[in-house]
Amino acid sequence: MASGIPKRSRSAGLWLLGLCIACCSYGPRMFLLPSVAPARPGAQMQVDTVDTTRSHLTGLTWNFAPSFEPSSGRVRSSSTALGVGKVLKVMLGVPSALAVFSFLMVLRGYTTKESDGDTMQERWSSYAKKPGQRMLALMAGAARVGLIALRAKLIRDPKKKSAMHTRAGKRAVTELVRLGPTYVKLGQILSCREDLVPKEYIKELKRLQDEVPAFSGKRALKIIETELGKPASELFAEFDDKPLAAASLGQVHRAKTKDGTELAIKIQRDNLKEMYDLDLAQFDKIAVMLDKYKIGVEGASNVWVDMFEDAKVILYREIDYRAEAENTQRWYENFKNVKWTTSPRVIDEFTTSKVLALTFVAGTKISDLEKLKEQGFDRTQLAKNLAQAYLLAFCKFGFFNTDPHPGNLAVDDGYPGGRLIFYDFGQACELQDKQAGGILQVIQSIVDFEAADCVKAMDNLGCLKKGADFKKVEGVVQNNFETGKVKSKRSKRKRELTEEEKNKKAPKQTEVMKYFQLPPALAFVARAITQMEGVGVMLDEDYEFIDFVADKVPELQVERGAGISYIAGQLFKNWARN
């Protein structure tokens with residue numbers, strides 16, 4: 001198709017082409033039946049006798065009026081077979097029409113882009129009330145992405161394949177945004193999983209962290225006034241119509257109270273609960289299927305339903321801003337004495353279930369590497385502080401934000417080298433004290449190369465089922481340490497292995513996986529570490545979580561009650577290593 005044709009004309013032409021195909025599908029010539037049939041030998045029929053036979057097969061009427069032609073010896077049937085024609089028109093026409101309609105739906109999505117936030121919001125809201133429309137949009141979107149992904153798979157040239165993957169990633173972002181908040185969240189999670197999707201997709205999916213279309217300031221003010229029960233003129237001295245950021249569940253506007261306090265006000269999108277109810281019901285079925293067919297990571301194939309139940313609790317809490325306010329204030333109180341990090345405080349009088357008011361804390365996006373460099377911030381130290389903040393969250397406070405992606409992190413000059421700012425505590429998870437201690441001990445055992453201690457820590461975390469064979473598990477862990485499958489830059493190997501130890505036969509990984517299970521809370525720990533690693537590597541290519549937190553581990557061990565024997569053991573291991 002010529003590139004000079006305007007997009008609107010091309011789109012109209014495609015619709016016209018589809019309409020023509022649909023009309024042809026219903027054309028009567030496609031369904032004409034033979035009107036002449038040979039007479040059986042010896043058959044005799046009267047010309048002027050009309051035998052009308054009525055059959056109620058399928059509820060239709062069949063009319064036969066045969067006439068005999070002596071010259072040709074043939075019987076001419078005047079049957080119009082009207083009933084048969086109608087049936088065939090439906091049987092052949094409906095699938096043809098559906099195929100054309102599906103083709104046009106898929107094609108239309110390639111040529112239309114939604115950039116207006118209010119229009120997008122209206123579409124999302126309509127999906128909550130029209131599950132059928134939602135399903136059609138999902139199928140059409142999957143087809144659009146799938147067709148491009150298939151083309152990428154068939155291409156052999158690496159450069160062209162990479163370019164096609166990038167195109168598929170862009171299309172995936174467009175389709176996820178069209179489908180609404182639940183699917184945007186799914187895309188945000190996938191953007192931190194380079195082990196699951198090609199790197200070209202990752203780059204595009206990261207845009208979902210802070211590039212979701214915003215709705216208008218007018219709509220935002222209407223929500224605020226409805227929630228707080230007062231006109232905006234009575235609530236604020238200033239309100240910025242342009243949002244600071246827009247995400248899947250809401251957007252943030254800057255405002256100033258009558259007493260001069262600067263606020264960041266988070267306003268929730270419409271009909272989120274209804275959309276969650278619709279989408280998560282479908283995900284329930286997927287979780288059941290994953291458990292039934294034992295699909296998933298080893299050791300976790302039997303807990304998808306339980307894991308997803310916990311995930312739903314967190315997701316539904318996320319759309320109650322009062323719960324997020326509680327999480328935000330809790331994180332602030334936990335870290336208020338840690339000078340190299342900060343976070344906003346909650347302003348209760350302007351907070352409801354759909355409006356969250358926080359103190360305004362400005363900073364440079366952590367993903368804006370050029371600005372970080374211009375402002376003289378130490379990226380390696382920032383990466384280390386990020387890792388240590390989560391070590392404290394996991395092992396000291398037992399409470400962490402499960403979503404540390406770049407859109408929720410910034411930096412200011414409140415501390416030499418840069419002060420980390422944490423935003424958005426809609427998704428948070430609490431750990432039991434035993435789990436917090438278990439995570440600390442797993443880190444310690446990897447540093448010390450102590451397989452027995454690692455297995456004990458796994459048991460404390462609830463990762464081992466009752467009746468597990470600890471000796472077999474320990475053998476596998478020891479083998480993983482010795483072969484380097486599990487290690488850290490800080491690991492303290494005491495000596496080189498002997499030939500006998502190298503040749504020693506260890507239990508196979510598959511033999512012990514039946515003893516493992518994955519508690520839901522630890523799934524969120526793994527998710528947080530994975531997302532954090534993406535940020536850490538972006539800041540420092542040598543980032544490694546255990547390496548960056550190892551120096552802090554002994555301090556936390558002592559805080560948790562470790563005594564002289566622990567300290568002496570660590571001194572000896574350090575001496576032996578050196």
Side-chain angles (χ1 to χ4, degrees), residues 116-118 121 125 181 210 212-273 317-339 341-366 371 375 401 407-415 419-428:
D116 180 67
D118 282 341
Q121 183 61 52
S125 298
D210 53 10
V212 180
F215 51 85
S216 65
K218 182 178 179 181
R219 191 184 194 108
L221 277 175
K222 184 178 179 182
I223 295 171
I224 290 173
E225 290 175 342
T226 301
E227 286 294 306
L228 298 179
K230 293 181 181 179
S233 57
E234 293 182 19
L235 296 169
F236 310 114
E238 297 176 15
F239 184 86
D240 190 349
D241 284 343
K242 187 177 179 181
L244 292 169
S248 55
L249 304 186
Q251 64 190 44
V252 180
H253 288 258
R254 192 171 181 176
K256 185 180 285 188
T257 63
K258 299 289 186 178
D259 63 3
T261 303
E262 285 199 80
L263 302 179
I265 301 183
K266 190 173 180 180
I267 303 108
Q268 188 177 117
R269 296 182 183 273
D270 298 330
N271 295 318
L272 282 182
K273 184 180 182 302
R317 275 178 63 85
E318 190 178 14
I319 59 176
D320 182 352
Y321 282 176
R322 290 168 299 192
E324 183 174 345
E326 182 184 327
N327 294 339
T328 304
Q329 197 62 30
R330 184 173 177 181
W331 180 279
Y332 174 82
E333 293 296 332
N334 286 344
F335 283 90
K336 66 181 179 182
N337 294 323
V338 181
K339 295 181 180 179
T341 183
T342 190
S343 61
R345 290 181 293 106
V346 177
I347 307 299
D348 291 325
E349 61 183 296
F350 295 109
T351 297
T352 70
S353 62
K354 294 184 179 179
V355 175
L356 175 61
L358 306 168
T359 53
F360 182 76
V361 183
T364 302
K365 284 185 179 181
I366 204 164
K371 280 192 176 180
Q375 295 168 350
N401 174 3
N408 291 341
L409 296 164
V411 184
D412 68 10
D413 58 1
Y415 189 79
R419 181 174 66 168
L420 277 175
I421 306 171
F422 288 88
Y423 303 121
D424 195 343
F425 298 90
Q427 291 189 33

For the residue pair [X] and [Y], establish whether any side-chain heavy-atom pair is separated by less than 4.5 Å.
X: Arg269; Y: Val212; answer: yes
X: Gln268; Y: Ile223; answer: no
X: Ser353; Y: Glu227; answer: yes
X: Thr226; Y: Lys354; answer: no
X: Leu263; Y: Phe350; answer: yes

What is the minimum heavy-atom distance between [X] and [Y], and which atoms define it?
X: Leu358; Y: Ile347; value: C-CG1, 4.3 Å
X: Asn401; Y: Phe425; value: CB-CD2, 3.9 Å
X: Lys339; Y: Arg419; value: O-CD, 3.6 Å
X: Val355; Y: Tyr321; value: N-CD1, 3.5 Å
X: Val346; Y: Ala325; value: CG2-O, 3.4 Å
X: Thr351; Y: Ala357; value: OG1-N, 3.2 Å

Discussion item. For Phe239 and His253, take the angle between the two ring planes, folded into 0 to 90°, and tell me which bin it lands in: parallel under 30, tilted 30 to 60, perpendicular over 60.
Written reply: parallel
Worksheet item: With Ile421, which residues qualify under side-chain contact (heavy atoms from CB on, under 4.5 Å), at least two apart?
Response: Thr342, Val361, Ala410, Asp412, Tyr423
Discussion item. Closer than 3.5 angstrom, by distance alone: can the side chain of Thr359 be matched with the main-chain N or O of Arg345 as a donor-acceptor pair?
Written reply: yes
Worksheet item: Residues in side chain to side chain donor-acceptor pair (under 3.5 Å) with Glu262, at least two apart?
Response: Arg254
Salt-bridge present ([X], [Y]; N to O < 4.0 Å):
X: Asp240; Y: Lys242; value: no
X: Lys218; Y: Asp118; value: no
X: Glu333; Y: Arg330; value: no

Discussion item. Once rounded to the nearest 0.5 Å, what's the spacing between atom CZ of Phe236 and atom NZ of Lys256?
Written reply: 13.5 Å
Item to complete: Would you give the length of the straight line joining atom CG of Asn327 to atom OG of Ser343, rounded to the nearest 0.5 angstrom?
Response: 11.5 Å
Fill in: Lys230: partners by salt bridge (charged side-chain N to carboxylate O under 4.0 Å, His left out), with sequence neighbours left out
none
Worksheet item: Knowing that exactly one of Asp241, Ile267, Leu235 qualifies, which makes a side-chain contact (heavy atoms from CB on, under 4.5 Å) with Leu221?
Response: Asp241
Worksheet item: Given the rule in the side chain to side chain contact (heavy atoms under 4.5 Å, CB included) test, do Gln427 and Asn408 qualify, once you have shown the distances and angles that lead to the verdict?
Response: CA-CA 11 Å; Gln427 291 189 33; Asn408 291 341; over 6 Å; no
Discussion item. Thr257 vs Glu349, test: side chain to side chain contact (heavy atoms under 4.5 Å, CB included). Steps then yes/no.
Written reply: CA-CA 11 Å; Thr257 63; Glu349 61 183 296; over 6 Å; no
Discussion item. The test is side chain to side chain contact (heavy atoms under 4.5 Å, CB included); show your working for Gln251 and Lys266 and say whether it passes.
Written reply: CA-CA 6 Å; Gln251 64 190 44; Lys266 190 173 180 180; over 6 Å; no
Worksheet item: After noting the C-alpha distance and the side-chain angles of Asp413 and Gln375, does the key distance pass the side chain to side chain contact (heavy atoms under 4.5 Å, CB included) rule?
Response: CA-CA 9 Å; Asp413 58 1; Gln375 295 168 350; over 6 Å; no
